[in-house]
Amino acid sequence: MDIEGLIENLKPLSDILKSKPIRESASLNDFKNSYDRFEAAVSDLRVVSKRPPQQDPTKLRSILKNLQETISELDELCDEQLNLLDFVSAITPVTDLKD
């Protein structure tokens with residue numbers, strides 16, 4: 001997985017989630033808590049992406065799992081406005097790991 005590419009592609013998702021219609025359509029407190037966790041996970045991902053690739057795969061796995069759970073929560077809160085899981089699937093870059 002191209003982590004830097006994923007971070008770059010999550011920026012539009014963050015912008016969409018900041019939009020007023022999305023925030024108004026969801027329970028504000030639940031949405032705000034999930035959005036804050038999403039931003040924290042993306043921030044953690046930025047920190048890990050600056051380290052050597054093999055330094056701590058467990059930490060990366062934990063961050064990605066947290067990001068997945070948070071996006072799933074946000075998907076449920078925004079389900080009528082935006083299908084986040086389809087959006088994230090479409091933007092997730094994958095690198096070829098062939099030697």
Side-chain angles (χ1 to χ4, degrees):
M1 175 185 292
D2 178 6
I3 297 170
E4 290 181 14
L6 176 61
I7 293 167
E8 191 64 32
N9 288 338
L10 287 172
K11 287 179 186 178
L13 177 58
S14 180
D15 292 341
I16 289 168
L17 291 172
K18 288 179 192 174
S19 74
K20 190 172 182 177
I22 297 295
R23 287 181 172 266
E24 289 177 349
S25 70
S27 168
L28 188 58
N29 286 336
D30 292 341
F31 183 86
K32 182 173 177 357
N33 290 338
S34 291
Y35 179 76
D36 289 346
R37 285 197 319 280
F38 167 78
E39 286 294 318
V42 172
S43 179
D44 290 345
L45 199 56
R46 282 187 188 106
V47 170
V48 169
S49 73
K50 296 187 186 319
R51 296 181 185 153
Q54 272 57 29
Q55 186 174 7
D56 193 359
T58 306
K59 178 71 174 170
L60 177 59
R61 191 174 305 122
S62 173
I63 292 168
L64 291 173
K65 182 169 177 42
N66 183 31
L67 186 61
Q68 176 188 11
E69 291 169 358
T70 304
I71 289 173
S72 292
E73 288 174 16
L74 286 165
D75 183 59
E76 288 178 23
L77 292 168
C78 301
D79 66 342
E80 292 182 16
Q81 298 288 325
L82 177 69
N83 188 334
L84 293 182
L85 297 180
D86 286 347
F87 181 82
V88 171
S89 290
I91 65 167
T92 303
V94 178
T95 55
D96 192 6
L97 298 176
K98 293 181 184 173
D99 292 339

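What you are looking at is a predicted structure, and each value in this text was computed from that prediction instead of being measured.
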Can you tell if the side chain of L60 reaches within under 4.5 Å of the side chain of L45, non-hydrogen atoms only?
-> yes
Criterion side chain to side chain contact (heavy atoms under 4.5 Å, CB included) against I63, the qualifying member of I3, V48, T58 = V48
Over all atoms of both residues, closest heavy-atom pair of E39 and S14 = OE2-OG, 2.5 Å
When rounded to the nearest 0.5 Å, the distance separating NZ of K50 from CD of E4 is 6.5 Å
S34 versus L74, closest heavy-atom pair with distance = CB-CD2, 3.5 Å
Check L17, D15, N9 against L13 for a side chain to side chain contact (heavy atoms under 4.5 Å, CB included) and give me the one that passes.
-> L17
Value rounded to 0.5 Å, distance of NZ in K65 from OG1 in T70 = 10.5 Å
In terms of the angle between their ring planes, are Y35 and F38 parallel, tilted or perpendicular, with boundaries placed at 30° and 60°?
-> tilted
Enter the distance from E69:CD to L64:CG here, rounded to the nearest 0.5 Å.
-> 11.5 Å
